[in-house]
Amino acid sequence: MESRSVTRLECSDIHDSDGSSSSSHQSLKSTAKWAASLENLLEDPEGVKRFREFLKKEFSEENVLFWLACEDFKKMQDRKQMQEKAKEIYMTFLSSKASSQVNVEGQSRLNEKILEEPHPLMFQKLQDQIFNLMKYDSYSRFLKSDLFLKHKRTEEEEEDSSDAQTAAKRASRIYNT
């Protein structure tokens, strides 16, 4: 993210895990990976996109946005960029005036002075709380949601269609030899 004097993150500033926009062409059976663990879901840009859609409907998208922002923050090297990003995370998710405030214990203990001396793991405890909240609450509902189940059915239909085409190609090779 380019350097700016803005102290709040906008939802559009937070990208899916690889920073790209997600494509609809992903490997088949990604839903099986997503269902295996929240970690797998959060490693897949398409999974993050679908989970965000679900959380938006539940009015809790800020949880995954905070988690993603913390992941980006941990990868930063430049001290000045870390300071800016720490302030953005604080103002967007943790301050009492935050636009997308997350509900974590101990957020009041994180006072603004710590933002002057950022370190990669400064948000780790809060990020872990949000991860566990998502894992034991919204993630299980996501796996039962229409959004997830429709995506899973679409994948299965694409796989069935692909299997049928492969069988037809094999049959044509056999009969044309």
Side-chain angles (χ1 to χ4, degrees), residues 1 8-76 82 85-86 88-110 118-160 162:
M1 188 160 48
R8 293 186 190 272
L9 285 171
E10 299 298 324
C11 290
S12 59
D13 291 341
I14 300 171
H15 302 285
D16 295 346
S17 59
D18 70 350
S20 68
S21 56
S22 303
S23 74
S24 59
H25 302 293
Q26 72 266 348
S27 62
L28 290 177
K29 292 295 182 190
S30 59
T31 53
K33 289 184 221 163
W34 303 347
S37 73
L38 179 56
E39 291 88 341
N40 288 352
L41 174 75
L42 294 172
E43 288 171 2
D44 183 342
E46 183 69 17
V48 170
K49 179 183 173 188
R50 300 293 175 158
F51 193 46
R52 280 181 66 182
E53 286 175 42
F54 172 75
L55 292 176
K56 217 178 263 187
K57 292 177 182 175
E58 291 215 330
F59 304 101
S60 60
E61 182 188 23
E62 68 278 357
N63 291 332
V64 74
L65 294 177
F66 173 72
W67 189 89
L68 291 167
C70 291
E71 286 297 293
D72 288 344
F73 180 77
K74 287 191 271 189
K75 296 172 191 164
M76 296 183 131
M82 282 180 80
K85 183 77 169 184
E88 288 178 356
I89 289 171
Y90 180 80
M91 295 303 292
T92 304
F93 301 106
L94 300 171
S95 100
S96 60
K97 299 172 186 163
S99 57
S100 298
Q101 190 177 45
V102 291
N103 186 14
V104 290
E105 295 173 26
Q107 77 189 48
S108 57
R109 287 193 304 250
L110 184 72
H119 58 88
L121 301 177
M122 67 187 285
F123 298 113
Q124 190 64 52
K125 284 183 181 176
L126 302 174
Q127 185 185 18
D128 289 346
Q129 284 182 33
I130 291 299
F131 179 85
N132 285 326
L133 178 69
M134 291 189 299
K135 183 175 183 174
Y136 297 111
D137 185 34
S138 45
Y139 172 66
S140 56
R141 285 195 310 278
F142 170 70
L143 296 178
K144 298 172 191 163
S145 71
D146 285 344
L147 194 146
F148 175 80
L149 295 173
K150 282 179 188 172
H151 190 70
K152 185 177 177 184
R153 276 193 298 275
T154 301
E155 265 186 358
E156 289 166 352
E157 288 166 7
E158 286 173 2
E159 186 179 40
D160 291 345
S162 173

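Just the heavy atoms: all of them, side chains too, but no hydrogens, waters or symmetry mates, feed the values below.
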Would you say the side chain of R52 lies within less than 4.5 Å of the side chain of L55, judging by non-hydrogen atoms? no
Are any non-hydrogen side-chain atoms of M122 and F73 less than 4.5 angstrom apart? yes
Return the CG to CZ distance between L126 and F66, rounded to the nearest 0.5 Å. 5.0 Å
Residues in salt bridge (Lys or Arg N to Asp or Glu O under 4.0 Å) with R153, at least two apart? none
Ignoring hydrogens, what is the shortest heavy-atom contact between I130 and N103? Give both atom names and the distance. CD1-O, 4.2 Å
Restricting to ring pair (Phe, Tyr, Trp, His ring centres under 6.0 Å), what partner residues turn up for F142, sequence neighbours left out? F51, F54, F148
Which residues satisfy the salt bridge (Lys or Arg N to Asp or Glu O under 4.0 Å) test with K135, sequence neighbours excluded? none
dist S96:OG -> Q101:CD (nearest 0.5 Å) comes out at 7.0 Å
Walk me through it: do K85 and M82 pass the test side-chain contact (heavy atoms from CB on, under 4.5 Å)? CA-CA 5 Å; K85 183 77 169 184; M82 282 180 80; 5.8 Å; no
CD1 of I89 to CG of L65, rounded to nearest 0.5 Å, is 11.5 Å
Taking the side chain as everything from C-beta on, heavy atoms only, tell me whether V104 gets closer than 4.5 Å to L133. no
What are the two closest non-hydrogen atoms of E155 and T31, and how far apart are they? OE1-OG1, 2.5 Å
Can you check side-chain contact (heavy atoms from CB on, under 4.5 Å) on K29 and K33, steps first, answer last? CA-CA 7 Å; K29 292 295 182 190; K33 289 184 221 163; over 6 Å; no
Grab the two heavy atoms, one from C70 and one from F123, that are nearest each other, plus how far apart they are. SG-CB, 3.7 Å
Just jot down the salt bridge (Lys or Arg N to Asp or Glu O under 4.0 Å) partners of D128, sequence neighbours excluded, or say none. none
Across all chains, not counting sequence neighbours, the side-chain hydrogen bond (donor to acceptor under 3.5 Å, both in side chains) partners of K74 are E71, Q124, Q127
S140 meets the side-chain contact (heavy atoms from CB on, under 4.5 Å) criterion, sequence neighbours left out, with none
For a side-chain contact (heavy atoms from CB on, under 4.5 Å) check, start with the C-alpha distance between L38 and M134, then their side-chain angles and the critical distance, and finish with the verdict. CA-CA 8 Å; L38 179 56; M134 291 189 299; 4.0 Å; yes
If the condition is salt bridge (Lys or Arg N to Asp or Glu O under 4.0 Å), which residues does E58 pass it with, not counting sequence neighbours? R141
Which atom names give the shortest non-hydrogen contact between W34 and L41, and what distance separates them? CG-CD1, 3.5 Å
Closer than 3.5 angstrom, by distance alone: can the side chain of Y136 be matched with the main-chain N or O of F131 as a donor-acceptor pair? no
Using a strict 4.0 Å threshold on nitrogen-to-oxygen distance, state whether E53 and K57 make a salt bridge. no
Verdict with reasoning, S30 to H151, per side-chain contact (heavy atoms from CB on, under 4.5 Å): CA-CA 9 Å; S30 59; H151 190 70; 4.1 Å; yes
Of the non-hydrogen atoms in T92 and A98, which two are nearest, and what is the gap between them? O-CB, 3.2 Å
For V64 against L42, the heavy-atom pair lying closest together: CG2-CD2, 3.8 Å
